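These notes are about the structure you will find just below.
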Protein chains: 2
Amino acid sequence: MGGKFTYGILKFYNPCLFMLYLIGLGINDEKDISLKGIDAIKSCDAVFAELYTCPIHADLSNLEKLTSKKIQLLNRKQVEEDELVLKSAKSCDTAFLVGGDALSATTHTEIILDAKKAGIDVKVIHASSIFTAIAETGLMLYKFGKTVSLPIPQENYFPTTPYTNIKDNLDSNLHTLLLLDIGMSANKAIDVLLELEGKMNGKLFSDSSKLVVVAHLGGDSLIKYDAISNLKKMDFGIQPHALIIPSALHFHEEEFLELF
Amino acid sequence: MGGKFTYGILKFYNPCLFMLYLIGLGINDEKDISLKGIDAIKSCDAVFAELYTCPIHADLSNLEKLTSKKIQLLNRKQVEEDELVLKSAKSCDTAFLVGGDALSATTHTEIILDAKKAGIDVKVIHASSIFTAIAETGLMLYKFGKTVSLPIPQENYFPTTPYTNIKDNLDSNLHTLLLLDIGMSANKAIDVLLELEGKMNGKLFSDSSKLVVVAHLGGDSLIKYDAISNLKKMDFGIQPHALIIPSALHFHEEEFLELF
């Protein structure tokens, strides 16, 4: 008791003694967190989570049972405007759980930056992510270029940068991982690509172009490699979905993809 | 008992009922494996591991205690020539543990391919990896181009492709993750880059060029952002080390890197 009390006093006068853990939940559900992540949660006084940057299928109540900690699910406003995580880390050891790897969503680097400026010690605990899980397709991670995001087009917002970025990768003989806006199906993404083709005329996509669709990787991973005309008709089940635009394939990559 | 016996008979006649789990151990030590990975090990009759493609600091005896399974550590010959993992998966549920994410080392796609051809069901269980952990530097994953490997130069083998690949990324305003040969320090890698500069004269590297060194990420992560002339004199401790060659930095990236 005495030791714990002294430590409490020390912490009170030296905010640097508090820890903020930024913990990746991993790619698919709450069982993709690491043992290290579980240990960190158990060591904390406050535990928060967000599932808006990377909405995985995590049942947080299972993690609560496993760690005997209450987990408070936050929305974007609570994280970014109200700064609940940062405020908590100023007064007690705090864990913040996020889908995918801890920093795949660049927005959370802000929290680290602000925490470090406030003298809070930060530790990142990593987990699995779509960025590497795509190796399940047999495509080599070394042959991927820049990752490209595809937003859902709006009436006054239909950016062509995804198309030019894919073209740059293809020109360099590199595959492209195409991450889709939250809520966007692979089928919708294919429509958008074809519409971009119509605007840009770069001859990247036609009905016979072969793409890779990946869905719920790390769960019951679904991978399909086929021509756009066939992919358009398929149902890939629950999201998230992502697309890969393959460049010229290595013999081994081709052999592997043909399995799907 | 009867049910289990029937299942055994079924398995004997239908090899497709056996499972091969390819399980990522994660980025740094044995506590970076996921809960899903632990469950899979517990469900298997045979468990193998290799630490030659990605030599993390995993104490496998801790995983043995946690799962009550014996883990057999294999060398490259036992995996690739003797095919011990594949042979095992033909007769019982088998787990194969590898450092980093399960397929960061492209070589293991071969095992999946061979297993599927043999009618064995394969499941990949993902984990953390250097490919995404580099976001700890504050650099955005979306701004990375092709990942480049830097081999230790030999008397008759001093490839210049790493240099041209870095140049291609820089020309496209993309960062480069430079993965080093096993056993190669960041200091040695910097020497190799300067030697390549002497050969290639592309004006990518001089003593004042600022690079990022990352060491034992996911453990007590060490990140240094400094000029080559300073980095050359530093000791980055235990390996693995990796380098990042940053392209033009976003304001937020610069602010974050200055912390290191």
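The chains referred to below are lettered A, B, ... by the order of the sequence lines, with proteins before strands, and numbering in each begins at 1. Note that the coordinates shown come from a computational prediction; the quantities given were computed from them, not determined experimentally.
Salt bridge B:K36/A:E30: absent, no basic N to carboxylate O contact under 4.0 Å. For the pair B:K70 and B:E64, the salt-bridge criterion is met [side-chain N within less than 4.0 Å of a carboxylate O]. Taking the charged nitrogens against the carboxylate oxygens, B:K143 and B:E253 do have a contact shorter than 4.0 Å, which makes a salt bridge. Salt bridge status for B:E258 with B:K210: present, with a side-chain N to carboxylate O gap under 4.0 Å.
Interface summary for chain A: among B:L139, B:D29, B:D168, the most heavy-atom pairs under 4.5 angstrom belong to B:D29. Here B:E136 is the residue among B:K117, B:H252, B:E136 with the most heavy-atom pairs under 4.5 Å with chain A. Of the listed residues (B:I125, B:D39, B:L22), the greatest number of heavy-atom pairs within a distance under 4.5 Å of chain A belongs to B:D39. For the set A:L141, A:I112, A:L113, A:T147, the entry with the most heavy-atom pairs within less than 4.5 Å of chain B is A:L113. Most heavy-atom pairs under 4.5 Å with chain B, from the set A:G145, A:A135, A:S221, A:A127: that is A:A127. Contact tally against chain B (heavy-atom pairs below 4.5 Å) for A:F131, A:F144, A:F256: the top residue is A:F256. Between chain B and the options A:S104, A:A133, A:G26, heavy-atom pairs under 4.5 Å are most frequent for A:A133.
Heavy atoms of B:L66 lying under 4.5 Å from chain A belong exclusively to its side chain. The part of A:L259 that comes within reach of chain B is its side chain, from C-beta onward, which places non-hydrogen atoms under 4.5 angstrom from that chain. Contact of A:L174 with chain B is made through the side chain alone, with heavy-atom distances under 4.5 Å. Contacts of B:S172 with chain A are absent, with no heavy-atom separation under 4.5 Å from either backbone or side chain. Looking at A:K116, the atoms closer than 4.5 Å to chain B (heavy atoms on both sides) all sit in the side chain, from C-beta outward. In this structure, the portion of A:L179 lying under 4.5 Å from any heavy atom of chain B is its side chain and not its backbone. Contacts between A:D32 and chain B at a heavy-atom distance below 4.5 Å involve backbone atoms as well as side-chain atoms. For chain A, the nearby part of B:I38 is the side chain; its heavy atoms alone come within less than 4.5 Å.
Note: A:H175 NE2 to A:L249 CG = 6.0 Å, rounded to the nearest 0.5 Å.
Remark: A:K167 NZ is loosely packed, at most 12 non-hydrogen atoms of other residues, nucleotides or ligands lying under 6.0 Å away.
Checked by atom type and distance alone, the side chain of B:S247 pairs as donor or acceptor with a backbone atom of B:N173 at under 3.5 Å.
Residues A:E50 and A:T53 have side chains that bring a donor and an acceptor to within less than 3.5 angstrom of each other. Side-chain atoms of A:D101 and A:S129 form no donor-acceptor pair, as typed in the model, at a separation below 3.5 Å.
When side chains are defined from C-beta on, B:N28 does not count as touching B:L217, because their heavy atoms never get closer than 4.5 Å.
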